Number of protein chains: 2
Amino acid sequence: MYRIGELAALYDIKADTLRFYEKHGLLSPSSRSDSGYRLYNQDDSERLKFILRAKAVGFSLNDIADLLSIEVDKSNRACAEVKGLVDTKLEQVEAKLAELQHFATSLKSLSNTCCGGPDSAEHCSILEALESSDQHIIAKKEQHHFSHSGHKD
Amino acid sequence: MYRIGELAALYDIKADTLRFYEKHGLLSPSSRSDSGYRLYNQDDSERLKFILRAKAVGFSLNDIADLLSIEVDKSNRACAEVKGLVDTKLEQVEAKLAELQHFATSLKSLSNTCCGGPDSAEHCSILEALESSDQHIIAKKEQHHFSHSGHKD
DNA sequence: ATAAACCTTGGAGTTTAATCCAAGGTCAAG
DNA sequence: CTTGACCTTGGATTAAACTCCAAGGTTTAT
């Protein structure tokens, strides 16, 4: 069992952030001490880890709440419904993955071809390195237009 | 040449957002009309595409400014210095990639093993699916701690 | 030549995600 | 039984990234 300050220290965040997540329904301590102190267990800690990871890869707290709701509603919702939510998120994740892979490739080639020596800048720019680009998350309307992919409210 | 509204429409953003990016040094139109209207060319459009992609995978506008500065300073900076910046960003991108791959794998397994039928929830939770987790972006202090790039301006 | 649809600027307002503060309660150590 | 580090609540403040507004200039089309 961790008290709020301990759990916060463990993940290098502020206790206030944990209270904030609680207020917004992302993570509540599994219990309280007699005097009302928040007490977090190992599952709570795992849940927090998930939240922080999801945040780190660009999901908003709302997105994360969606993902976590899959757990919360486990027993209530039809499995097909859950699958829908998961698959939607999966699409988002895979789009991000494709972008990131592209980024990584470009950064690597930039690092290798252009910056080997002390002064041999041939095409020292990410924009140039990315010029051979193909795929987008971004809906460039003229090229390809599919219906407004689910913006959240 | 695009006027601000045209370019904004092309990427499904607001003209205001383009003015905002300009004010913050991310993207300035390459020219102005006689009457002062912003005029964006194809390079500007590419630059905007880059900004939006980088944002979509979780980079802050400050991060993006860093990346773009590689181009701007092309002729000024020593190549080794540029390489340092690129390699730092590359590390960030690869950390994000690792996280996302983990995410994608978990979401896939969740989608497959748990939600095939209308009602057969076996372990219908992302947290459970992620339980076999290994890697983190998150600095869990006991394990590994690397400084996070705290930029502000 | 006048409306409609664009653009300009500066500044104010909004949303998201924290982060800080004040007034007070709790707990272990001396 | 007090000191200091921790915790509680609610509310205010901050920072980033937009988003909107007002007052006016420009363009195009009738």
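Remember, it's a predicted structure, so these values are computed and weren't measured experimentally. Just so it is clear: chains get the letters A, B, ... in the order the sequence lines come, proteins before strands, and each one is counted from 1.
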Nearest-Å distance for atom pair CG/C1', residues A/L61 and C/dT15: 12 Å
message: Could you work out, with side-chain contact (heavy atoms from CB on, under 4.5 Å) as the rule, every residue matching B/A104, not counting sequence neighbours?
response: A/L90, A/V93, A/L97
field: Between P of C/dA17 and CG of A/N62, the distance in whole Å
entry: 6 Å
query: Can you tell me if the side-chain N/O atoms of A/R38 get under 4.0 Å from OP1 or OP2 in D/dC7?
result: no
- request: In sequence, state the C-alpha distance, the side-chain angles, and the governing distance for B/F50 and A/F103, and then conclude on ring pair (Phe, Tyr, Trp, His ring centres under 6.0 Å).
  value: CA-CA 10 Å; B/F50 174 81; A/F103 250 89; 5.6 Å; yes
- request: Not counting sequence neighbours, which residues clear ring pair (Phe, Tyr, Trp, His ring centres under 6.0 Å) with A/Y21? List them please.
  value: none
For B/E22, side chain to side chain donor-acceptor pair (under 3.5 Å) partners two or more places apart: B/R32, B/R38
- request: Could you walk me through whether B/K108 and A/E94 pass the salt bridge (Lys or Arg N to Asp or Glu O under 4.0 Å) test, one step at a time?
  value: CA-CA 11 Å; B/K108 266 180 227 160; A/E94 291 191 324; 3.4 Å; yes
- request: Measure from NZ on B/K55 to C1' on C/dT16 and round the result to the nearest Å.
  value: 12 Å
- prompt: C/dA5 P sits how many Å from B/E6 CD, rounded?
  reply: 16 Å
- request: With sequence neighbours excluded, tell me which residues meet ring pair (Phe, Tyr, Trp, His ring centres under 6.0 Å) with B/Y37.
  value: none
task: Could I get the full list of side chain to side chain donor-acceptor pair (under 3.5 Å) partners for A/S30, not counting sequence neighbours?
output: A/N41, A/D44
What pairs of nitrogen or oxygen atoms, one from the protein and one from nucleotides 1-4 of chain C, lie under 3.5 Å apart?
none

task: Starting from P on D/dT14, measure out to NZ on A/K14 and report it in whole angstrom.
output: 15 Å
- request: Would you please name every residue forming a side-chain contact (heavy atoms from CB on, under 4.5 Å) with B/S31, sequence neighbours left out?
  value: B/M1, B/L39
message: Base, sugar-phosphate or nothing for A/I13? Non-hydrogen atoms, less than 4.0 Å.
response: nothing
message: Apply salt bridge (Lys or Arg N to Asp or Glu O under 4.0 Å) to residues B/K96 and A/E99 and explain how you reach the verdict.
response: CA-CA 11 Å; B/K96 276 174 198 281; A/E99 289 296 330; over 6 Å; no
field: Close approaches to DNA chain C from residues 16-29 of chain A, in residue order (heavy atom, under 4.0 Å)
entry: A/D16, A/T17, A/F20, A/Y21
Between B/Y40 and B/E6: side-chain donor-acceptor atoms closer than 3.5 Å: no
message: Donor-acceptor check, side chain of A/T105 to backbone of A/Q101, threshold 3.5 angstrom: yes or no?
response: yes
message: If you compare every side-chain N and O of A/S35 against the phosphate oxygens of C/dC27 (OP1, OP2), does one of them come in below 4.0 Å?
response: yes
- prompt: Which sits closer to the 5' end of DNA chain C, A/R3 or B/G36, going by the nucleotide each is nearest to?
  reply: B/G36
- line: Here the distance between atom P of D/dC6 and atom OH of A/Y40, to the nearest Å, is 16 Å
statement: Between CD1 of A/I4 and P of C/dG25 the distance, given in whole Å, is 19 Å
- prompt: How many Å lie between CD1 on B/I51 and P on D/dA17, as a whole number?
  reply: 12 Å
Could you list the protein-to-nucleotides 1-5 of chain D atom pairs, N/O on both sides, closer than 3.5 Å?
none

field: Full working for side chain to side chain contact (heavy atoms under 4.5 Å, CB included) between A/L61 and A/F20
entry: CA-CA 11 Å; A/L61 298 191; A/F20 177 81; 3.6 Å; yes
message: By the 4.0 Å heavy-atom rule, please label A/S33 as base, sugar-phosphate, or nothing.
response: nothing
